[in-house]
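Labels below follow one simple rule: chain letters A, B, ... track the order of the sequence lines, proteins then strands, and each chain is numbered from 1.
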Amino acid sequence: MVRPNEEVEALLREYADLVLITGGDAFKARAYEKAARAIGGHHADVSKLDAAGLREIPNVGRSIADKVIQYLQTGRMPAVEDVRSKVPAGVRQLMAIPTLGPRKAMALYEDLHISSVPELLDALHEERLRDLKGFGPKTEENILHGIGLMQAAGDRVPVNVAMDVAEEIVAELSVLSGCESCTYAGSLRRMRETIGDVDVLVAAGRSAPFMDAFTRLPGTAEVIAHGMKKTSIRTTKGLQIDLRVVPPDSWGAGLQYFTGSKAHNIRTREMAVHRKLKLSEYGLFHAESGKKIVSQSEEEIYARLGLPWIPPTLREDRGEIAAGLRGELPALVTEADIRGDLHTHTDLTDGLAPLDEMVEAAARRGLRYYAITDHAPNLSMQRMTDEKVLAQRERVRELDGRHRKMRLLHGTELNIDPDGNVDWPQEFLRDFDLCVASVHSHFHQGRDALTRRLVTACENPEVNIIGHPTTRLLGKRPGLDMDLDVVFAACARTGTALEINAHPDRLDLSDELILRAKRYGVKFAVNTDAHAPLHLAYLRYGVGTAQRGWLTAGDVINTWPLARLRRFLDKKGSAGAPSSS
DNA sequence: GCCGTTTTCGGCCCGACTGTTTTCAGTCG
């Protein structure tokens, strides 16, 4: 069910963690991490590579290539199994708690025999961590806070993980005979940022063949329920998937019902009741006679309720019903509207692929323009220099001449320092086509300082886009504590766009913050922040999030033709004129 | 364990912050 590259990546990451937990060589662990990342981001399917092919992947040498080959041939990696047998799985799980790394996880296991999050919680409540060397009251507080963050995420998975599984299942079921329609519904269809369980819907006359095939899918770990209308499984990764088979005639009603959200469905059912109708997953009926009115398509059902078809990404009871009744639903931005990507990396800094490969991949996706924005020197771990970035610019200009259909922009991702200043003097920045600026450290300055910091960055005439504006990481790190209304107002005033970072671990800004920012007249840029060609495909999640924020193509600067985009980028540099669109 | 070489070892991203410590270990980006 999972791409072999990702399986291998996960195994190598696990090995790296276990090396650290067992006190092994930190450089060895890093070597495995780097190889894991490179394989995860590698364009070719590793299961189709031989040892020589594997070793062409950066950071994969003889030892790791051999282990990967062994795994691909036998399904096992003995080195990982060895070290697994020494450390209970729960100890590694402890490392998922922010601020709890391998050393502390190890200490908890060795000294207190703690090997799971619940055990750790018990120990915390019984104050058993107090006697442990290196664990003070603040550490306790941080661990509790970290566990809270993780539990808030619950068992939900990032949207891309659910999407990959769902699309594979839909593909498998769609080819069975008797399948008239098949798709995923639920929060995944609404493109929520995390997914609790996946709903798959099939329209067919007979349900049994689909239910049976479903329970036999590779990657099924457990069949939770097996019926004629609904079957639920749990995958080996712990994700629950529900399959529902409806008669072809009920397709629209089923899709509407199982797409949700619950709040949206309550509103639509209320509307039905007011019209002396009844709406269920089987159709829209006369309340009294029970006679079916419509059920075949969502459009028919919404129409009979006096509504236009409502895009799934809006179905959250956030005013979409009222807007629909007024005929004022927004024409949401779509993936096809996106003409360019304005935030991407290469292996000149922390990307995985060289410039040429990133550009080729972008061109294959049909983009009309593409910005390369590697990290600037102040993020010192990336080792950027003036010479390197200028050499890159020359190379970008050369490549630009080669692509007829796609123009290349040379930009950079600046680091917003604690005072709101960025890398390089103004005159150096002026020669970039665009500058993204982002916060990468000093997250806990306090609300006032953080607000000032972001406003200062917006006021910099060379800064065009604020990258991943809150710096949140889903399930790991909350967003910066700042006065967003002040920041949004500053963006609107200075013609600085806010990024909607499409990476599934970020989706930053979030849908709700997009809605808030839009009221200030802010413009947005949906960017992938790609570090490998594969990441360019994350665009769909950024677009989904933009849709959930009710954005139209007009709100998103990278849907604009290049000439208009350039005017937006230039306008800021010339005398700080306000943004226009 | 990988990489590069001035090729077979020595360096590996580096700095800052936090909390605990009393000079530093662990974690993070």
Whole-Å distance separating the [atom1] atom of [X] from the [atom2] atom of [N]:
X	N	atom1	atom2	result
Phe135(A)	dT20(B)	CZ	P	10 Å
Leu132(A)	dT21(B)	CG	P	10 Å
His444(A)	dG29(B)	NE2	P	9 Å
Arg62(A)	dG1(B)	CZ	P	13 Å
Glu56(A)	dC3(B)	CD	P	12 Å
Asn378(A)	dG29(B)	CG	P	19 Å
Tyr32(A)	dC12(B)	OH	P	21 Å

Could you check which of [options] has an atom nearest any side-chain atom of [X]?
X	options	result
Asn142(A)	dG1(B), dC2(B), dT18(B)	dT18(B)
Lys138(A)	dG29(B), dG19(B), dC2(B)	dG19(B)
Phe443(A)	dG29(B), dT27(B), dC3(B)	dG29(B)
Phe27(A)	dG1(B), dG29(B), dT27(B)	dG1(B)

Using the salt bridge (Lys or Arg N to Asp or Glu O under 4.0 Å) rule, take Arg130(A) and Glu127(A) through it: C-alpha gap first, then chi angles, then the decisive distance, then the call. CA-CA 6 Å; Arg130(A) 299 276 162 93; Glu127(A) 302 186 344; 3.7 Å; yes
Quick check on dT8(B): syn or anti? Syn means the glycosidic torsion is within 90 degrees of zero. syn
Categorize Ser63(A) for me: base, sugar-phosphate, or nothing, with a 4.0 angstrom heavy-atom threshold over every strand shown. sugar-phosphate
Heavy atoms only, 4.0 Å cut-off, all strands: where does His442(A) land among base, sugar-phosphate and nothing? sugar-phosphate
Under 4.0 Å between a side-chain N/O of Arg477(A) and OP1 or OP2 of dG29(B), yes or no? yes
Hey, mind stepping through Glu459(A) and Arg493(A) against salt bridge (Lys or Arg N to Asp or Glu O under 4.0 Å) and telling me if it holds? CA-CA 9 Å; Glu459(A) 286 170 345; Arg493(A) 186 178 75 241; 2.7 Å; yes
If pairing requires Watson-Crick or G-U wobble contacts with both distances under 3.5 Å, which nucleotide is the partner of dC28(B)? dG15(B)
Could you go through the salt bridge (Lys or Arg N to Asp or Glu O under 4.0 Å) check for Asp17(A) and Arg92(A) one step at a time? CA-CA 7 Å; Asp17(A) 283 349; Arg92(A) 182 170 178 244; 2.9 Å; yes
